[in-house]
Amino acid sequence: MNTIHNSAVSYYRNPLGAVPSGSRVTLRLKPSGTLTSIEADVSIILDREGEIGRFPMEKHGEVFEGVLEAPTEPKLYYYYFEIKSEDGISYIGCDSYTGTGCGIGVDAYPKGFQLTVYDESFSTPDWSKNGIMYQIFPDRFRCGDEETFKRGVEYHRNKGRRVIVHSSWNERPISKAVGGYENYDPVDYFGGNLKGIMDRIPYLQSMGVNVIYLNPIVEAASNHRYNTGDYYMVDPILGTMDDFKKLCKAASDAGIKIILDGVYSHTGSDSRYFNKDGRYDECGAYQDGSSRYASWYKFGSSRDEYDCWWGFKSLPEVNEFDPNWQDTVVSGKDSVMKFWLRNGGNGFRLDVADELPDEVIDLMRTSVKEESPDNLLLGEVWEDATTKVSYGKKREYCMGRGLDCIMNYPLRKSIIDFLLQHIHGAEFATLLESQQNNYPKEMYYSQMNLLSSHDVARIKTVLGTDKEGDGMSRDEQGRKVLTIREEKKGIELSKLAYALTFSLPGMPCIYYGDEQGMEGFKDPFNREPFVEKDLRMKRFIEGLGQLRANTPALRTGACGFTFKSNNAMVILRYILDGEDTFGKRAEDGVYLIGVNPTALDLTFNVDIHEIKEGLSPKDLEKLDGIAVKGAAVVSGESTISIAEDGVICVKLKSRSYAVIEVGYEDE
């Protein structure tokens, strides 16, 4: 028996993708074999976390059709099909680990098709759907004022903190214990500051950047500043609160939003709140159980026994359910989050979002959106955020009441695996389809599509060496210099990686220096000072930024995927009849993006009318109503021709890509 259901094709599931609570979803099952000629009782089974919902299907010709009523509670659900016939009971479940795609017949225990049900009021800012992001590690980007740096160093030293000042911007970050200390401590500084970032706004504009994500800027006893010292203070090495306001004003005047790193699951032990080292005038929780911050933390039988983040005693964990903590940090009239938004910030990237309770993330969303619905709440999530389980609980921050969007690490991994040919184009397409199908559309089009970050090796190094740095000592990572062959491969494949992120829905993110061909394995080698070393790569990124900024279809257009047996990947993006995928007025355009990661030149045909996955019936009707009359390469290198039936013949050189504008007319 071969019974067909494909949850990524609108003929079988309408509407596609995640749905608002209380929606009606039409599902079809197209049987073949003996089932087409015998009577059968077919039902849709909805698994509501153990509670089963049953929806009957009726036969129309050779197709079974039924309507599933999505629950009113936003959650993650799964459905499958039950078939009762004279041969007994069988099931149709999902044939993919992603929860989306084609069905498979089984006798028992079917894997369900994922159905994400989100709050019907969920929306994300339009600017995030149209954004190009640039991530900055502040100490390593640019020093705009050496006097600010000197004053900041003096501030920390006067508090009794260890500060190592690099004598040259061209030095490498310290990566081991020095000066007779037993352990490595990230207290070496190069002097990057807020004025330096403001100076470089025109540089960012040249790449079409309209969102800056800053790693932490609050006062703290390290160069990374994830060990917060004072939530209400800019670290003096970076500048003053006035400098922050000026940066936000200059960015806003340039059409750029500022996203701040919100580090709220823990503080530093050397902080105003815990004050283990006694460096602050006010009594902290470590010093005195009657401190106003004592309820933030959980202590054992002594003051030296306390919950801390992943066992690091320098990072005491907070109790996010503590009313005092919530009032101070999240929801109070003058809370930390509201303070930074009122002073020019446009949202937060939540550090280790998985370690913040869903209820607290929901509270954060309320607080952030109260200041402005246009503010963004971005979460650090490393896995599929819709199916994430942490601390034994299914997370619900993707259901429209928590996060706006997430850091798209699964996409990064799949892009790397595809370009290094660890996976075939078919598997890459499956990942793309699953994200499109499983994430709410508002979230899917706002994801942070990153390739490098402060937590992972730089993309050029990974693609050039086929290594992330895992299993390598810091010394080994630091000594590694790319060979000529690795350099060439890393550059070629990095261009393809960025071409992909600039072509897919979501915010493409440039990690500072990637556009200059910077290299480096993991921390601290992915955090080296910014250098201008590869102007050709910079011009390449500029071209992608300008193309995306000038092409609405590459931002909020419909999106479909297909692959070729020779491992080429093809993405279809388009807007027709002056309306984008959100129903907003936008300029028409049809584009194909082809990517060839192999060492061979590839030639393949693309018929845009045959691409079905991920496209709604309305999209397909629009697409079917046009005739392809021509095509032109607008970015990349390719030889193209058009057959009489409108099929586009594409020839891509090895390790190359092309963005092809399709010429068409209404039939």
Side-chain angles (χ1 to χ4, degrees), residues 135 137 140 171-177 184 186 215 224 310 380-384 407-425 427-428 430-432 448-501 508-531 533-534 536-537 540-541 567 569 595-600 654-657:
Q135 179 186 349
F137 193 85
R140 309 292 159 82
E171 292 181 0
R172 303 201 75 187
I174 291 173
S175 59
K176 60 180 71 175
Y184 161 72
N215 286 112
H224 57 67
W310 285 67
E380 179 193 10
V381 182
W382 287 64
E383 300 84 11
D384 183 323
M407 299 177 75
N408 200 351
Y409 278 106
L411 177 63
R412 174 187 183 269
K413 182 180 185 306
S414 291
I415 286 176
I416 290 170
D417 286 345
F418 170 63
L419 295 180
L420 291 175
Q421 299 182 69
H422 297 324
I423 61 174
H424 194 274
E427 192 171 346
F428 184 39
T430 297
L431 180 279
L432 296 176
M448 175 184 170
N449 290 340
L450 72 157
L451 296 170
S452 308
S453 80
H454 61 292
D455 283 326
V456 292
R458 286 189 179 270
I459 190 65
K460 177 181 169 184
T461 297
V462 176
L463 294 174
T465 65
D466 199 358
K467 295 178 181 178
E468 289 271 8
D470 298 319
M472 299 171 65
S473 68
R474 271 207 176 102
D475 281 345
E476 290 172 324
Q477 293 182 54
R479 287 196 304 267
K480 175 61 181 174
V481 177
L482 298 188
T483 66
I484 294 175
R485 179 176 292 183
E486 289 171 339
E487 173 93 4
K488 181 176 183 293
K489 179 182 177 184
I491 292 171
E492 290 175 345
L493 294 183
S494 290
K495 289 180 177 179
L496 301 193
Y498 271 106
L500 281 166
T501 61
C509 180
I510 307 161
Y511 184 51
Y512 81 99
D514 267 11
E515 77 280 8
Q516 294 286 351
M518 286 182 64
E519 305 163 13
F521 280 112
K522 296 187 175 182
D523 171 22
F525 308 109
N526 55 5
R527 306 177 184 185
E528 294 196 350
F530 174 90
V531 292
K533 59 179 292 186
D534 188 343
R536 287 178 297 181
M537 187 68 180
F540 176 81
I541 297 293
N567 212 31
M569 186 68 205
V595 177
N596 172 17
T598 74
L600 302 173
S654 66
R655 292 179 184 163
S656 73
Y657 84 101

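One-based numbering along the sequence shown.
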Approximate separation, where rounding is to 0.5 Å, of [X] [atom1] and [Y] [atom2]:
X      : Y      : atom1 : atom2 : result
Thr501 : Asn408 : OG1   : CG    : 10.5 Å
Ile510 : Tyr498 : CD1   : OH    : 6.0 Å
Cys509 : Gln135 : SG    : CD    : 5.5 Å
Met537 : Met518 : CE    : CE    : 13.0 Å

Any side-chain to backbone donor/acceptor pair from [X] onto [Y]? Under 3.5 Å, distance only.
X      : Y      : answer
Asn567 : Gly425 : yes
Ser414 : Phe428 : no
Arg172 : Gly478 : yes
Thr461 : Phe521 : no
Asp417 : His422 : no

Please give me the minimum heavy-atom distance between [X] and [Y], naming the atom from each residue.
X      : Y      : value
Met407 : Pro410 : O-CD, 4.5 Å
Leu420 : Val462 : CD1-O, 4.1 Å
Ser175 : Tyr184 : C-CD1, 3.7 Å
Met569 : Phe418 : CB-CZ, 3.5 Å

Check whether any side-chain heavy atom of [X] sits under 4.5 Å from a side-chain heavy atom of [Y], and report yes or no.
X      : Y      : value
Leu431 : Leu411 : yes
Leu419 : Val595 : yes
Pro529 : Glu171 : no

Could you check Thr465 against Leu482 for side chain to side chain contact (heavy atoms under 4.5 Å, CB included), going step by step and ending with a plain yes or no?
-> CA-CA 8 Å; Thr465 65; Leu482 298 188; 3.3 Å; yes
Distance-only check: which donor-acceptor pairs under 3.5 Å involve side-chain atoms of residues 489-497, not counting sequence neighbours?
from, atom 1, to, atom 2, distance (Å)
Glu492, OE1, Arg655, NH1, 3.1
Glu492, OE2, Lys488, NZ, 2.6
Ser494, OG, Gly490, O, 2.6

Derivation of the salt bridge (charged side-chain N to carboxylate O under 4.0 Å, His left out) call for Glu476 and Lys467 | CA-CA 12 Å; Glu476 290 172 324; Lys467 295 178 181 178; over 6 Å; no
For the pair Phe540 and Tyr657, name the ring-plane relationship: parallel under 30°, tilted 30 to 60°, perpendicular over 60°.
-> perpendicular
For side chain to side chain contact (heavy atoms under 4.5 Å, CB included), just list the numbers for Val531 and Gln516, CA-CA rounded to whole Å, side-chain angles, deciding distance to a tenth of an Å, and then say yes or no.
-> CA-CA 7 Å; Val531 292; Gln516 294 286 351; 5.7 Å; no
Residue pairs involving residues 511-526 (criterion salt bridge (Lys or Arg N to Asp or Glu O under 4.0 Å); sequence neighbours excluded) =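 Of all non-adjacent pairs touching residues 511-526, those that pass salt bridge (Lys or Arg N to Asp or Glu O under 4.0 Å) are Arg458-Asp514, Lys460-Glu519, Asp470-Lys522, Glu519-Lys533, Asp523-Arg527.
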Sole candidate of Asp384, Val381, Asp455 that passes side-chain contact (heavy atoms from CB on, under 4.5 Å) when paired with Tyr409 = Asp455
Just wondering, are more than 12 heavy atoms of other shown residues or ligands nearer than 6.0 Å to NZ in Lys413?
->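 Check fails, neighbour count at 12 or below.
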For His454 and Tyr511, run side chain to side chain contact (heavy atoms under 4.5 Å, CB included): C-alpha distance rounded to whole Å, both residues' side-chain angles, the deciding distance at 0.1 Å, then the answer.
-> CA-CA 8 Å; His454 61 292; Tyr511 184 51; 3.7 Å; yes
